[in-house]
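Protein chains get the first letters and strands the later ones, always in sequence-line order, with residue 1 at the start of each.
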Amino acid sequence: MPELPEVETTLRGIAPHVVGRKIREIIVRERRLRWPVPAEVEELAGQRIESARRRGKYLLLRTARGTLLLHLGMSGSLRVIDPASPWRKHDHLAFQMESGRQLRFHDPRRFGCALFLPQDDDSHPLLRDLGPEPLGDDFSADYLFEKSRGKSIAVKHFIMDSKVVVGVGNIYACESLFIAGIRPTKAARKVTRESFSKLVTAIRKVLSASIEMGGTTLRDFLREDGEPGYFKQSLRVYDRKDQPCLRCKTAVKRIVSGQRSTFFCPNCQK
DNA sequence: AAAACTACCTGAGTGC
DNA sequence: TGCACTCAGGTAGTTT
């Protein structure tokens with residue numbers, strides 16, 4: 001599923017094919033995404049895409065007339081393909097570029113969205129309250145420490161809150177907490193500055209490593225689904241219930257926290 | 001205000 | 001083989 005690294009990979013993959021290029025036609029086959037695709041999206045036909053950027057898991061393609069905001073939800077993907085490619089089930093949108101290439105949006109579960117923003121700034125409600133980028137300078141141990149004071153919420157849930165920091169999904173939250181040696185259920189307010197320091201390092205490490213893997217699949221993902229199958233191999237605790245902890249051999253535990261599967265080593269994570 | 005919970009959706013997997 | 005069921009996931013929106 002598209003986590004932050006995969007969205008970043010998608011951005012890097014599509015950018016050369018869309019930035020500086022004109023959209024000839026926009027085809028909407030299924031308007032019922034998370035929110036109905038507004039008519040303004042189709043009105044971007046004829047516009048040139050001036051830039052492409054990512055904010056959290058949102059992709060923003062700017063034109064002189066307004067900005068296209070895309071989110072891949074849980075099952076979405078964007079591919080640059082030959083326009084003659086047959087429409088697959090769940091291919092909902094297509095952006096036919098004047099270059100001849102076509103950008104196609106595929107999303108079985110339709111948790112993704114395609115919206116129109118009048119301006120390319122972060123004032124839109126979906127972007128306005130987002131926390132810092134985990135790989136940016138504003139994300140630090142001090143920031144997390146201050147932000148978490150007085151919060152009884154589980155630290156795992158805390159770092160998965162996009163108002164706290166963007167792009168940390170269930171899998172990366174589990175992995176980062178394992179590396180940092182922090183129990184996922186620990187109240188955020190009880191996590192020390194030192195532990196947050198380890199956590200920040202861990203989050204950066206996990207995301208960066210994953211982006212690099214995404215980089216490896218960059219060439220393939222234009223053709224295939226872009227699902228990096230080998231990412232699973234590098235997971236340390238996620239989906240490893242009852243298997244030995246890679247550090248101490250204790251059986252990995254699976255619990256449900258905040259209605260999400262949570263994996264941790266009861267010995268290494270205090 | 002903060003925390004907890006719900007809804008949205010489909011495909012994969014499981015058990016009968 | 002097929003049916004009924006559960007689960008996964010991001011996040012906006014609602015309820016406690």
Side-chain angles (χ1 to χ4, degrees), chain A residues 1-11 29-38 54-60 69-78 87-93 105-115 117 122-134 144 146-177 184-191 203 206-207 210 224-229 231-232 235 237-242 254-263:
Chain A
M1 73 235 51
E3 301 270 350
L4 186 144
E6 201 165 331
V7 177
E8 178 67 27
T9 301
T10 296
L11 173 64
R29 283 205 145 196
E30 175 56 82
R31 205 172 284 281
R32 296 172 303 161
L33 301 185
R34 172 157 203 159
W35 298 286
V37 178
R54 177 186 64 75
R55 176 74 178 99
K57 293 178 187 171
Y58 294 97
L59 288 170
L60 296 144
L69 175 147
L70 296 170
H71 193 289
L72 302 177
M74 293 188 28
S75 56
S77 61
L78 276 171
W87 287 78
R88 293 180 298 164
K89 196 179 179 183
H90 307 305
D91 276 353
H92 305 314
L93 311 172
F105 180 88
H106 177 86
D107 185 10
R109 291 179 203 178
R110 295 194 273 120
F111 277 15
C113 66
L115 297 174
L117 273 57
D122 291 353
S123 63
H124 188 275
L126 288 173
L127 306 174
R128 198 177 46 204
D129 302 321
L130 293 179
E133 290 285 333
L144 281 185
E146 298 306 331
K147 189 99 178 163
S148 61
R149 292 311 86 186
K151 300 265 171 96
S152 61
I153 191 174
V155 62
K156 173 173 174 249
H157 213 56
F158 176 71
I159 59 167
M160 286 174 67
D161 182 348
S162 62
K163 292 191 200 66
V164 174
V165 57
V166 297
V168 182
N170 196 39
I171 295 170
Y172 291 128
C174 290
E175 294 296 301
S176 305
L177 288 162
T185 50
K186 190 167 190 162
R189 67 173 172 221
K190 291 194 173 172
V191 176
I203 290 171
V206 170
L207 292 178
S210 190
E224 290 304 314
D225 274 33
E227 195 66 29
F231 177 68
K232 257 201 149 166
L235 294 177
V237 279
Y238 187 83
D239 212 15
R240 295 196 64 244
K241 180 183 185 230
D242 294 336
R254 174 190 182 271
I255 59 166
V256 175
S257 171
Q259 283 133 299
R260 286 283 178 266
S261 275
T262 302
F263 300 86

Visitor: Quick check for you: among C:dG10, B:dA3, C:dT11, whose closest atom lies nearest to any side-chain atom of A:Y58?
Guide: C:dT11

Visitor: Please state how far atom CG in A:D107 lies from atom P in C:dT11, giving the value in whole angstrom units.
Guide: 13 Å

Visitor: Identify the heavy atoms of A:L4 and A:K57 that sit nearest to each other, and give their distance.
Guide: N-CE, 3.8 Å

Visitor: Would you mind reading off the distance between A:L59 atom CG and C:dG10 atom P, rounded to a whole angstrom?
Guide: 16 Å

Visitor: Is A:S152 close enough to B:dA3 that one of its side-chain N or O atoms is under 4.0 Å from OP1 or OP2 there?
Guide: yes

Visitor: Quickly work out the A:D129 CG to B:dA2 C1' distance and round it to whole Å.
Guide: 15 Å

Visitor: Any donor-acceptor pair under 3.5 Å linking the side-chain atoms of A:K156 with those of A:T262?
Guide: yes

Visitor: Apply side-chain contact (heavy atoms from CB on, under 4.5 Å) to A:L115 and A:V37, showing your working.
Guide: CA-CA 6 Å; A:L115 297 174; A:V37 178; over 6 Å; no

Visitor: Verify the contact: side-chain N or O of A:S162 to OP1 or OP2 of C:dG10, cut-off strictly under 4.0 Å; return yes or no.
Guide: no

Visitor: Return the value, rounded to whole Å, for the distance between atom CZ of A:F158 and atom P of B:dA4.
Guide: 14 Å

Visitor: If you check every side-chain atom of A:R254, which of C:dA8, C:dG13, B:dA3 has the closest atom?
Guide: C:dA8

Visitor: Could you tell me if A:S261 and A:R254 have a donor-acceptor pair between their side chains, going purely by distance under 3.5 Å?
Guide: yes

Visitor: Calculate the interatomic distance between A:K163 atom NZ and C:dG13 atom P; express it in whole Å.
Guide: 10 Å

Visitor: Measure the distance from NE2 on A:H157 to C1' on B:dA4 and round it to the nearest whole Å.
Guide: 8 Å

Visitor: From CE of A:M160 over to P of C:dA8, roughly how many Å is that when rounded to an integer?
Guide: 12 Å

Visitor: Look at atom CZ of A:R149 and say whether more than 12 heavy atoms of other residues, nucleotides or ligands are closer to it than 6.0 Å.
Guide: yes

Visitor: Before accepting this row, confirm whether a basic side-chain N of the pair A:R88/A:D91 lies closer than 4.0 Å to the acidic partner's carboxylate O.
Guide: yes

Visitor: Using a cut-off of 4.0 Å on non-hydrogen atoms, how would the nucleic acid contact of A:H71 be classed: base, sugar-phosphate, or nothing?
Guide: sugar-phosphate

Visitor: When all nucleic acid strands are considered with a 4.0 Å heavy-atom cut-off, which category describes A:L72: base, sugar-phosphate, or nothing?
Guide: nothing

Visitor: How does protein reach along nucleotides 6-12 of chain B, written 5' to 3' as B (base within reach of a heavy atom under 4.0 Å), S (only sugar-phosphate), or - (no contact)?
Guide: B-BBBS-

Visitor: Parallel, tilted or perpendicular, judged at 30° and 60°: which one describes the rings of A:H92 and A:F105?
Guide: tilted

Visitor: Quick one: A:W35 CH2 to C:dG13 C1', roughly how many Å, whole number?
Guide: 10 Å

